Amino acid sequence: MTTLVVGASGYLGSEVAARAGRDVVGTRSADLDITDRAAVLALVSAVRPRVVVNCAYRNDSWAVCADGAAHVALAAAAVGARLVHVSTDALHGGRPTPYGDAEPPTPVHMYGAAKAAAETAVTAIDPSAVLVRTSLIVDGDGRSKQIALCRDMIEGRIPGGALFADEYRCPVDVGDLAAAVLELAASDVAGTLNVAGPEPVSRVRLGELVAARWGLDPARIPVDTVAARGLHRPADVRLDASRAAGLLATPLRPVSEILARPLT
């Protein structure tokens, strides 16, 4: 069974491709411009995969996130491939209570709006596709840009930057997420599904976990709030992933477990 991973040079895409086995084809932005509908159709028609996993995104590009997602969905449908589309919690606007799987998007910035538009297009083109809404993607070895951001803040490499005490997410391990994506690819689950860690943490708490793992001084964490800075961005976005936890054999571990032990 051939699996096509779109965006295989990215953080999640490379992990999915590595776990997909030998019969996998991965694309990079240098290989495939997903904003080019004809190019996407040509590639998918040539590969004729049984599964297509779309991990491609650019948070500053509507064409990649929204139009590109539609092109991938159209191409996958044309060859009858199972489609897993990776979405994001950033399409929600933030609130004190967790978001369920099927809640409508409430974006407050362009990236969230683009990902919301992508979900609309994918669902219209292929109602049998599964749309994986996920959160901050992390790991225990420091490859994650979210972990790198925390370290840079603590070590003073971002002057004026801060980790926000009122910004909550549900971090998920990149390996757990990749395994979950491939498990969903082999299932008949359709529609939107939250796939995230079970432990909501603030950015400050994530910084504390990172400091403990890498032996950094937590007192050096620059702390602020989204509210105090008047930023137009979602703050409290917690995904209720209980349905995914019940459906999947893949464990979705809490971030405190992922970052449990100091590196030696």
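Computed from a prediction, not measured in an experiment: that's the story for all the values here. Starting from 1, each residue takes its place in the sequence as its number.
Criterion: ILVMFWY side-chain heavy atoms under 4.5 Å apart, direct or through other members. Under it, V6 and V122 are part of a common hydrophobic cluster. Hydrophobic clustering, with ILVMFWY side chains joined whenever heavy atoms are under 4.5 angstrom apart, groups V174 together with V132.
Atom CG of D152 sits about 4.5 Å away from atom CZ of R157, to the nearest 0.5 Å. Interatomic distance, L184 CG to R82 CZ, rounded to the nearest 0.5 Å: 7.0 Å. Note that the CG atom of D36 and the CG atom of L41 stand 9.0 Å from one another [nearest 0.5 Å]. Rounded to the nearest 0.5 angstrom, L136 CG and L206 CG are separated by 7.0 Å.
A salt bridge is defined here as a Lys NZ or Arg NE, NH1 or NH2 lying under 4.0 Å from an Asp or Glu carboxylate O, and D240 with R238 fails to meet this definition. In this structure, D224 pairs ionically with R229, as a charged nitrogen and a carboxylate oxygen lie closer than 4.0 Å.
Within 6.0 Å of CZ in R261 there are 12 or fewer heavy atoms belonging to other residues, nucleotides or ligands. Crowding of Y57 atom OH: a count of heavy atoms from other residues, nucleotides or ligands under 6.0 Å not exceeding 12. No more than 12 heavy atoms of other residues, nucleotides or ligands sit less than 6.0 Å from atom CZ of R50. Other residues, nucleotides and ligands contribute more than 12 heavy atoms inside 6.0 Å of the CZ atom of R19.
Of the possible donor and acceptor atoms, one in the side chain of K115 sits under 3.5 Å from a partner among the backbone N and O of V86. Although no hydrogens or angles enter the test, the distance criterion places no donor-acceptor pair under 3.5 Å between the side chain of D67 and the main chain of V64. When atom types are taken as modelled, the side chain of R95 and the backbone of V237 share no donor-acceptor pair closer than 3.5 angstrom. No donor-acceptor pair closer than 3.5 Å links the side chain of T123 to the backbone N or O of T120. Here the side chain of Y11 pairs a donor or acceptor atom with the backbone of V138 at under 3.5 angstrom.
Within the 4.5 Å cutoff, no side-chain heavy atoms of R243 are placed close to those of N194. Counting heavy atoms from C-beta on, the side chains of W214 and L259 come closer than 4.5 Å. No side-chain heavy atom of R169 sits under 4.5 Å from any side-chain heavy atom of V201. Looking at I137 and L177, their side chains come closer than 4.5 Å, going by heavy atoms from C-beta outward.
With 3.5 Å as the limit, one finds a donor-acceptor pair spanning the side chains of S135 and D89. Residues S256 and E199 have side chains that bring a donor and an acceptor to within less than 3.5 angstrom of each other. Using a 3.5 Å distance cut-off with no hydrogens or angles, the side chains of S144 and D139 do not pair a donor with an acceptor.
In plain terms, the two heavy atoms of P49 and A81 that are nearest each other are O-CB, 3.4 Å. Between E119 and P105, the closest heavy-atom pair is OE1-CG, 4.3 Å.
Taking E208 as the reference, R205 meet the side chain to side chain donor-acceptor pair (under 3.5 Å) condition, with sequence neighbours excluded.
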Exercise for review: In sequence, state the C-alpha distance, the side-chain angles, and the governing distance for D217 and R220, and then conclude on salt bridge (Lys or Arg N to Asp or Glu O under 4.0 Å).
Suggested key: CA-CA 6 Å; D217 182 2; R220 296 187 61 191; 5.7 Å; no
Practice item. Starting from the C-alpha separation in whole Å, work towards a yes-or-no answer on side-chain contact (heavy atoms from CB on, under 4.5 Å) for S202 and F164. Key: CA-CA 7 Å; S202 69; F164 299 125; over 6 Å; no
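Each of V53, V51, T27 was checked for a side-chain contact (heavy atoms from CB on, under 4.5 Å) with L4, and the lone residue meeting it is T27.
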